[in-house]
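Here's the structure, in structure tokens; my notes come after.
Counting starts at 1 for both ligands and their atoms, following the listed order.
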Amino acid sequence: MKKVDVVLGIQWGDEGKGKIVDVLAKSYPVIARFQGGANAGHSIHFEGKKFVLHTVPSGVFRDGTVNYIGNGVVLDPVIFKEECEGIEAMGVPVKERVIISKKTNLIVPTHKLMDAASEAAMGKGKIGSTLKGIGPAYRDKAGRIALRVGDIMADNFRERYDTLKKKHIQYLNQYDFEYDAYKDDDAWFEAVEYMKGFRFVDGEYEINGYLNDGKAALAEGAQGSMLDVDFGSYPFVTSSSTTCAGVCTGLGVAPSKVGKVMGIFKAYCTRVGAGPFPTELFDATGEDLRKKGFEFGATTGRPRRTGWLDLVELRYAIMLSGVNELIMMKSDVLDDFDTIKVAVAYEVNGVKSDRVPFDVYADIKPVYKEFKGWKKDLTGVRSENDLPVEFMDYVKFIEDSVNVPVKIISLGPDRDQTIIR
Ligand code: GDP
Ligand code: IMO
Ligand code: MG
């Protein structure tokens, strides 16, 4: 019997999960998304092309893969259709490669309006949501009123949709917010028709069946550990479980079937949206990171906040998910820096600490260790032996500090710019 290996973002999202899942998908017949929705933007570069995936797992460009959208995902049919049509236009038989759990929850147009109304009302205190309806969709799921993919085939689907919309209108009317609750209905139902071209499955049986048949699966996380609804910087989080625990509930696999847990991080840090970011840089160095790393949101285009690597945060995320292998991304972005800093501890309200504090408004000052930059272009390096000694010192320090080996080093956005150790 095979297991489900896991790739998780262990910072604030956008670590490069799409690239790495695409690289690893060569070795996995099944790739599965287990949480989140189109708030995710996972970029893949190959053969001079770039594609950003939002809902479809990042194995879709590999021949012979099953790309499974699990029950833990919230799926927007309109975005899904647009995305799949884009993939089809590249000559990829997307309908053969993608399957969807009947228990996947649906995002309806009013979910997005609810997101917008709630964010607008929060003013300065807003979360910085991607406004894809994620929070409202998970709220309906927990509130037991949601529509799911399997419901699409029911005779009374339209009736149930209308009932849900009435509830949403009641909710929206609390806000001083102008909206048209009906304008996107036609596009939504058209997209639902399109979805019928895909196989809707009893996902938990399907994925356990693959494992029993000797087919290994790779679970592709969305967002990152610090955006987890329980352990992230609440309320500045997303609404799903982004840690390894989410794999079990989001796919229907038992903890004993989870294999390797790979934690993916950038050689520095970024965050989009509001909330604490202890190592954030507000100076020219931060701007340099943004420019060199091309740090603009793959879903919203917003500039990402940038800062140094944070080992307090990384250790926390590794603990939460039992990460046993690390993948370091975007190392090349640091190529030109004279000095590179890493936070090894915090001073929280003036007291030294190695913990992420509960209070998201706590005054956190990072305690930094400095490294000499390697000052060499790494984008063309293909062998570990050709990596500069200063770079290897940096990697070794991270490994020793968190006690987990770095198994993959990424040196550019392309599939080929990857060193597997
Ligand atoms: P994801 O959400 O975790 O899949 O990450 P995103 O796709 O949102 O953001 C990562 C960005 O970095 C994308 O534009 C990738 O193409 C790019 N990228 C991934 N790995 C590397 C790398 O090693 N070096 C550089 N320079 N860019 C990378
Ligand atoms: P990937 O999978 C980075 C952030 C938003 C906001 C907060 C809540 O590409 O790494 P939501 O739309 O969920 O209500 O937003 O979470 N966020 C992400 N940040 N990468 C993502 O996904 C994100 N998905 C949500 O910016 O701060
Ligand atoms: Mg992203």
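A salt bridge links E88 with K95: at least one charged nitrogen is closer than 4.0 Å to a carboxylate oxygen.
For the residue pair R271/S233, the side-chain donor-acceptor check at 3.5 Å is satisfied.
For atom 23 (O) of ligand 1, the nearest non-hydrogen atom of the protein is S410 OG, 2.5 Å. The shortest contact between atom 1 (P) of ligand 1 and any protein heavy atom is with K17 N, 3.5 Å. Closest to atom 20 (N) of ligand 2 among all protein heavy atoms lies D14 OD1, 3.1 Å. If you check which protein heavy atom lies closest to atom 20 (N) of ligand 1, you get M329 CE, 3.5 Å. The shortest contact between atom 27 (N) of ligand 1 and any protein heavy atom is with K330 CE, 3.4 Å. Given atom 4 (O) of ligand 1, the protein heavy atom at minimum distance is G18 N, 2.8 Å. In this structure, atom 6 (P) of ligand 1 lies nearest to the protein heavy atom G41 O, 3.5 Å. Looking at atom 10 (C) of ligand 1, its nearest protein heavy atom turns out to be D14 O, 3.7 Å. Nearest protein heavy-atom neighbour of atom 15 (C) of ligand 1: S43 CB, 4.0 Å.
Put simply, the side chain of I69 reaches to within 4.5 Å of the side chain of P57, judged on heavy atoms. Under the 4.5 Å side-chain criterion, counting only non-hydrogen atoms from C-beta, I31 is not in contact with Y68. Contact annotation: the side chain of V342 never approaches that of T279 to less than 4.5 Å [non-hydrogen atoms, C-beta and beyond].
Compare I127, T130, V272 by their heavy atoms: the one nearest to atom 12 (O) of ligand 2 is in T130. For atom 22 (O) of ligand 2, the nearest non-hydrogen atom from the set Q223, R271, E220, R305 comes from Q223.
The shortest N or O to N or O distance between E15 and ligand 2 is not under 3.5 Å. For ligand 1, the polar-atom distance check finds an N/O of D332 within less than 3.5 Å of one of the ligand's N/O atoms. In terms of polar-atom proximity, defined here as any N/O pair under 3.5 Å, G412 does make such a contact with ligand 1. For the pair G16 and ligand 1, the shortest N or O to N or O distance falls below 3.5 Å. Inclusion of K19 in the set of residues having an N or O under 3.5 Å from an N or O of ligand 1 is not warranted. In terms of polar-atom proximity, defined here as any N/O pair under 3.5 Å, S129 does make such a contact with ligand 2.
Counting the atoms of ligand 2 from 1 in the order shown, those under 4.0 Å from a heavy atom of R302 are 5 (C), 26 (O). Interface of G128 with ligand 2, defined as ligand atoms under 4.0 Å from a residue heavy atom, comprises 5 (C), 6 (C), 26 (O), 27 (O). Close contacts between ligand 1 and H45 involve ligand atoms 16 (O) [criterion: under 4.0 Å to a heavy atom]. For ligand 2, the atoms sitting less than 4.0 Å from at least one non-hydrogen atom of K17 are 1 (P), 2 (O), 10 (O), numbered in the order shown with element in parentheses. Close contacts between ligand 1 and A298 involve ligand atoms 8 (O) [criterion: under 4.0 Å to a heavy atom]. Set against the non-hydrogen atoms of A222, the atoms of ligand 2 under 4.0 Å away are 2 (O). For ligand 2, the atoms sitting less than 4.0 Å from at least one non-hydrogen atom of A40 are 1 (P), 2 (O), 9 (O), 22 (O), numbered in the order shown with element in parentheses.
The backbone N or O of E325 sits nowhere less than 3.5 Å from a side-chain atom of K407 that would complete a donor-acceptor pair.
With a 4.0 Å cut-off on non-hydrogen atoms, E295 does not touch ligand 1 at all. Proximity of L227 to ligand 2, defined as any heavy-atom pair under 4.0 Å, is confined to the side chain (atoms from C-beta onward). Counting heavy atoms under 4.0 Å from ligand 2, residue T300 does not touch it at all. Of all the heavy atoms of F236, none lies under 4.0 Å from any atom of ligand 2, so neither backbone nor side chain is involved.
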Query raised in the report: Going through the checks in order, is the side-chain hydrogen bond (donor to acceptor under 3.5 Å, both in side chains) test met by N39 and Q223?
Result: CA-CA 8 Å; N39 48 351; Q223 290 81 54; 3.0 Å; yes
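Closest of all the heavy-atom pairs between T65 and Y28 is CG2-O, 3.7 Å. Contact between F265 and E15 at its shortest, heavy atoms only, is CA-CG, 4.1 Å.
Look at A40 and the Mg ion (ligand 3): no N/O/S atom of the residue is under 2.8 Å from the metal.
Remark: distances from the non-hydrogen atoms of G41 to ligand 2 include one below 4.0 Å. The shortest separation from a heavy atom of T299 to ligand 2 is not under 4.0 Å, leaving the residue out of contact. Residue K132 places no heavy atom under 4.0 Å from ligand 2.
The aromatic rings of Y175 and Y171 sit tilted, their planes meeting at an angle between 30° and 60°. Note: F189 and Y161 have perpendicular aromatic rings, judged against thresholds of 30 and 60 degrees for the angle between ring planes.
Screening I100, V149, I99 for a side chain to side chain contact (heavy atoms under 4.5 Å, CB included) involving F198 leaves a single residue, I100. When each of K330, R305, R290 is paired with E295, the side-chain hydrogen bond (donor to acceptor under 3.5 Å, both in side chains) condition holds for K330 and for no other.
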